[in-house]
Number of protein chains: 2
Amino acid sequence: MVDPDGPTPVYVQIADIIQQRIEAGELQPNRPIPSELALQQEFGVARGTARRAVELLRDRGLVFTVPQRGTFVADRPADDA
Amino acid sequence: MVDPDGPTPVYVQIADIIQQRIEAGELQPNRPIPSELALQQEFGVARGTARRAVELLRDRGLVFTVPQRGTFVADRPADDA
DNA sequence: ACTCATTTGTCCGTATGTATG
DNA sequence: GCATACATACGGACAAATGAG
């Protein structure tokens with residue numbers, strides 16, 4: 001799934017994969033994405049790495065995090081007007 | 001200097017302190033801010049915490065980082081037009 | 001060309017706190 | 001009280017690029 005030896009950081013790879021799922025409609029607006037623990041297990045990475053991936057998705061505006069609740073797909077997955 | 005038990009996260013406190021130094025002119029545009037190691041030692045925190053503080057300053061647009069070189073005070077410390 | 005020190009980038013593992021259900 | 005989940009913080013490790021010598 002992810003390549004630790006590739007030129008792209010693992011947390012970026014994970015963020016890219018989740019972004020694809022969002023764009024593919026597998027993860028829908030206002031629905032939660034997998035928890036940090038779930039991502040950690042799915043991709044075989046440490047919690048910090050899973051967190052970085054989610055942070056990156058927030059930076060991209062694709063998701064929003066509600067403390068103590070989870071991280072959810074933003075209303076507008078990709079574009080605007 | 002920083003209060004680990006206060007309501008404000010340590011990395012935010014450190015970012016605030018550095019911001020004050022920038023605004024006070026102690027750290028000048030295009031000049032480097034202390035390295036992560038220096039911040040780590042000065043504030044007695046782990047490197048991850050020092051990094052978080054610098055990240056926050058980047059988010060605020062106060063500094064820019066050049067990989068393997070250092071982090072520098074942005075040209076325009078605060079405003080724009 | 002090479003070595004050394006510096007500095008940021010990434011990653012792992014762990015612990016504690018806080019909030020929700 | 002317990003389980004889940006994010007937030008913060010600590011510690012250590014290795015890689016890559018830069019710059020000084």
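Here is the naming used below: chain letters follow the sequence lines, and residue numbers restart at 1 for every chain.
- Using a cut-off of 4.0 Å between Lys/Arg side-chain N and Asp/Glu carboxylate O, A/Arg47 and A/Glu36 are scored as not salt-bridged.
- The closest side-chain heavy-atom distance from A/Thr49 to A/Phe43 is not below 4.5 Å.
- Side-chain atoms of B/Phe72 and B/Val66, non-hydrogen and from C-beta on, do get closer than 4.5 Å to each other.
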(request) Could you run through nucleotides 13-21 of chain C and give me one letter per nucleotide, 5' to 3': B if any protein heavy atom sits under 4.0 Å from the base, S if only the sugar-phosphate is that close, - if neither? (result) ----BBBSS
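- The residue A/Arg51 sits close to a base: some heavy atom pair falls under 4.0 Å.
- Residue B/Leu37 contributes atom CG, which lies 15 Å from atom P of C/dG9 at whole-angstrom precision.
- Rounded to a whole Å, the CD atom of B/Gln13 is 13 Å from the C1' atom of D/dA9.
- Contact annotation: B/Tyr11 side-chain N/O to D/dA9 OP1/OP2 distance is not under 4.0 Å.
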Can you give each donor-acceptor pair under 3.5 Å made by side-chain atoms of residues 8-16 of chain B, sequence neighbours left out, with the distance rounded to 0.1 Å?
unit_1	atom_1	unit_2	atom_2	d
B/Gln13	OE1	B/Asp3	N	2.7
B/Gln13	NE2	B/Asp3	O	2.8
B/Gln13	NE2	B/Thr8	O	2.7
B/Asp16	OD1	B/Arg60	NH1	3.0
B/Asp16	OD1	B/Arg60	NH2	3.0

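- Distance B/Leu39 CG to C/dT7 C1': 12 Å, rounded to the nearest Å.
- Distance CD (B/Glu36) to P (D/dA15): 18 Å, rounded to an integer number of Å.
- Taking atom CG of B/Leu56 as the reference point, atom P of D/dA7 lies 14 Å away to the nearest angstrom.
- The separation between A/Arg52 atom CZ and D/dA7 atom C1' is 13 Å, rounded to whole Å.
- Counting only heavy atoms from C-beta outward, the side chains of B/Leu62 and B/Ile18 never approach each other to under 4.5 Å.
- Whole-Å rounding puts the A/Ile33 CD1 to D/dC6 P distance at 8 Å.
- Within the structure, a side-chain polar atom (N or O) of A/Thr49 is placed less than 4.0 Å from OP1 or OP2 of C/dC12.
- Rounded to whole Å, the distance from CD on A/Gln41 to C1' on C/dC12 is 16 Å.
- No side-chain heavy atom of B/Val73 sits under 4.5 Å from any side-chain heavy atom of B/Gln28.
- For C/dT8, neither phosphate oxygen OP1 nor OP2 lies less than 4.0 angstrom from any side-chain nitrogen or oxygen of B/Thr65.
- Within the 4.5 Å cutoff, the side chain of B/Leu27 has no heavy atoms near those of the B/Arg31 side chain.
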